[in-house]
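See structure below.
Just so it is clear, the model here is predicted, and its values are computed rather than measured.
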Number of protein chains: 2
Amino acid sequence: MDIATPATPDRRPHDEPRERILLAAGREFAERGYEAATVRDICAAAGVNVAAVNYYVGDKHRLYIESVKHAHESRVRQVPLPEWDSSVPAERRLHDFVDNMLERMLGLAQPPWQVRLMMREVLQPTEACRELVEDYIRPHFAILVAILDDLAGGRLTQPELRRVALSIIGQCFLYRAAGDVVGMLVPPAELETLHTPPRLAEHVTRYALAALGRVPPLAGAGMDVSSQDVVA
Amino acid sequence: MDIATPATPDRRPHDEPRERILLAAGREFAERGYEAATVRDICAAAGVNVAAVNYYVGDKHRLYIESVKHAHESRVRQVPLPEWDSSVPAERRLHDFVDNMLERMLGLAQPPWQVRLMMREVLQPTEACRELVEDYIRPHFAILVAILDDLAGGRLTQPELRRVALSIIGQCFLYRAAGDVVGMLVPPAELETLHTPPRLAEHVTRYALAALGRVPPLAGAGMDVSSQDVVA
DNA sequence: AGTTGATTGAAACAAGCGTTTGAAATGGTT
DNA sequence: AACCATTTCAAACGCTTGTTTCAATCAACT
């Protein structure tokens with residue numbers, strides 16, 4: 001009845017089967033959702049027997065939580081927070097931050113199912129969500145708010161800064177979460193050329209900087225800013 | 001084998017059981033998702049026998065599509081697009097549009113499951129999605145783009161206008177789709193007072209107008225705009 | 001080689017699912 | 001009252017699910 005731990009609990013060179021199961025589970029849960037994903041399919045994809053999930057993890061529920069944590073950890077390892085020299089201006093820090101976030105959400109750097117899995121947690125939180133917010137989302141959010149505070153030069157209150165931060169995150173979020181619908185609203189050619197992470201980062205950044213008054217407005221009176229670079 | 005239609009196919013005064021089934025199905029699908037929702041639970045909630053879904057709709061898959069369409073239709077009926085007199089300035093039209101969208105997404109005017117159901121379609125499209133986009137989302141999108149075109153006074157290209165429109169929608173989308181996570185990032189007191197549809201509409205609108213240069217920047221040099229109304 | 005404990009595998013289990021059945025109930029029409 | 005099509009119901013069907021069983025296999029150490 002008690003959950004079996006893989007033999008020597010301390011550590012073994014490669015926890016290979018367990019790793020394979022967690023990876024396959026993440027892929028399957030991300031694509032089909034918790035209920036629709038089946039233990040049999042996961043085990044088939046991982047190349048292990050169905051009994052292995054019981055042996056290594058316990059049951060389906062624990063398998064889900066473990067796979068979310070595993071995806072989360074490997075993601076933190078591979079796409080670290082950007083770090084800046086103290087001399088870097090706030091405009092550039094904002095641009096880098098947005099670019100990093102979009103690259104992490106949309107970029108091809110990582111298998112897409114990892115983001116999908118976390119997107120599911122965000123949209124309909126389970127147990128794994130609170131941990132995800134505290135470890136991963138809140139630190140990012142705090143950094144963004146700090147950058148915006150610099151940009152506003154203390155002229156905005158914390159609630160105002162938070163709302164601006166959410167405005168920026170919301171834009172990135174849309175492209176990831178509702179990407180399919182966005183694809184139906186925008187001409188295909190435009191999608192390929194303009195809706196890439198760097199281009200979108202430029203737009204979101206300029207949009208924010210213009211709103212904050214750090215660059216001229218997007219549609220300033222007679223002023224063409226479309227060819228202007230967003231950072232000095 | 002052929003799908004039974006409710007007796008006299010043309011029309012009957014009250015298609016009561018069918019209506020009850022579709023409503024209960026929408027609620028259940030919205031809350032639990034397609035796979036996790038069970039026909040038995042839906043029928044129990046609707047107060048009908050499990051065989052009724054076969055009799056009135058056909059099978060589970062068709063039940064899902066019909067419930068999405070039903071929710072969509074009743075929503076269009078209840079929250080119509082705002083219409084403006086030709087003299088209304090573009091700033092006010094933008095504000096009204098955003099307010100309307102947020103009220104529709106977050107407001108208490110309608111049962112929340114209807115929006116959740118459509119949110120699911122947006123996030124992971126099925127057959128019902130394309131219809132949803134064409135009938136409901138694209139017209140809204142076109143109106144928003146037209147308003148922004150007015151505001152920009154022809155100084156922005158169509159792709160630029162579309163990206164600004166998506167920026168605005170993204171902000172509203174975040175509060176609905178990731179509302180739980182937003183609730184974890186923002187102090188509870190702030191949530192209740194500032195994260196209401198009218199307050200958020202004001203923020204999103206001012207943010208856009210500032211970016212477009214139609215109102216002073218949010219953090220203008222020494223200029224306090226926080227108490228200023230967004231519309232003339 | 002032999003023993004021991006960790007790991008794998010095929011098969012079976014109970015439970016829940018969507019769906020179907022055929023008879024009972026219903027309500028209007030003759 | 002007798003008929004009829006329409007609508008409801010309890011029960012069961014076949015299938016898939018998550019989980020468990022227990023024997024077979026493997027790897028390391030004596």
Side-chain angles (χ1 to χ4, degrees), chain A residues 1-68 126-128, chain B residues 1-29 31-68 126-127:
Chain A
M1 186 56 85
D2 50 353
I3 288 98
T5 46
T8 56
D10 23 33
R11 66 178 139 158
R12 304 181 312 133
H14 288 307
D15 224 350
E16 227 210 87
R18 191 185 143 95
E19 186 100 356
R20 279 211 314 272
I21 293 174
L22 256 39
L23 280 174
R27 248 183 290 261
E28 212 71 14
F29 284 135
E31 221 53 48
R32 307 196 200 286
Y34 180 78
E35 314 281 345
T38 74
V39 174
R40 277 174 169 82
D41 285 350
I42 291 169
C43 289
V48 300
N49 191 269
V50 284
V53 47
N54 179 9
Y55 184 74
Y56 282 103
V57 188
D59 56 7
K60 187 187 182 183
H61 186 231
R62 193 136 16 208
L63 175 60
Y64 174 74
I65 295 179
E66 290 298 319
S67 71
V68 170
T126 71
E127 295 173 34
Chain B
M1 186 55 84
D2 51 354
I3 288 97
T5 46
T8 55
D10 24 32
R11 65 179 140 156
R12 304 181 312 130
H14 289 308
D15 224 349
E16 226 210 87
R18 190 185 143 94
E19 187 100 356
R20 277 211 315 271
I21 293 173
L22 256 40
L23 281 173
R27 247 184 290 261
E28 212 70 14
F29 284 135
E31 221 53 48
R32 306 196 201 286
Y34 179 79
E35 314 280 346
T38 73
V39 173
R40 280 176 166 82
D41 286 350
I42 290 169
C43 289
V48 300
N49 192 271
V50 283
V53 47
N54 179 9
Y55 185 75
Y56 282 103
V57 187
D59 56 6
K60 188 188 182 184
H61 186 231
R62 196 141 9 214
L63 175 60
Y64 174 74
I65 294 179
E66 290 298 319
S67 71
V68 170
T126 70
E127 296 175 34

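- Put simply, CZ on R18(B) is 13 Å from P on dT8(D), counting in whole angstrom units.
- Summarising the geometry, the separation between NZ on K60(B) and P on dT19(C) is reported as 8 Å, rounded to the nearest angstrom.
- Checking A51(B) against V39(A), the closest nucleotide of DNA chain D that is more toward the 5' end is the one next to A51(B).
- Look at NE2 on H61(A): it is 16 Å from C1' on dT19(D), rounded to the nearest Å.
- Of all heavy-atom pairs spanning C43(B) and V53(B), the tightest one is SG-CG1, 4.2 Å.
- Cation-pi geometry between K60(A) and Y34(A) is satisfied (NZ or CZ under 6.0 Å from the ring centre, within 45° of the ring normal).
- Summarising the geometry, the separation between CD1 on I42(B) and P on dT19(C) is reported as 11 Å, rounded to the nearest angstrom.
- Atom CG of residue L63(A) and atom CD of residue E28(A) lie 10.5 Å apart, to the nearest 0.5 angstrom.
- For R40(A) and dG18(D), a side-chain-to-base donor-acceptor distance below 3.5 Å is present, hydrogens and geometry of angles not being considered.
- One interatomic measurement links the two molecules: CD of E35(A) to C1' of dT16(D), which rounds to 14 Å at whole-angstrom precision.
- dC26(D) atom P lies 16 Å from atom OH of Y55(A), rounded to whole Å.
- At a threshold of 4.0 angstrom between heavy atoms, the contacts of A36(A) with the nucleic acid are absent.
- Rounded to whole Å, the distance from OH on Y56(B) to P on dT6(D) is 12 Å.
- For T38(B), taking side-chain heavy atoms from C-beta onward, the closest of the listed nucleotides dT20(D), dG9(C), dG18(C) is dG18(C).
- Under 4.0 Å is where a charged nitrogen must lie from a carboxylate oxygen, and between R32(B) and E35(A) no such pair does.
- In this structure, the CG atom of N54(A) is 9 Å from the P atom of dT21(D), given to the nearest Å.
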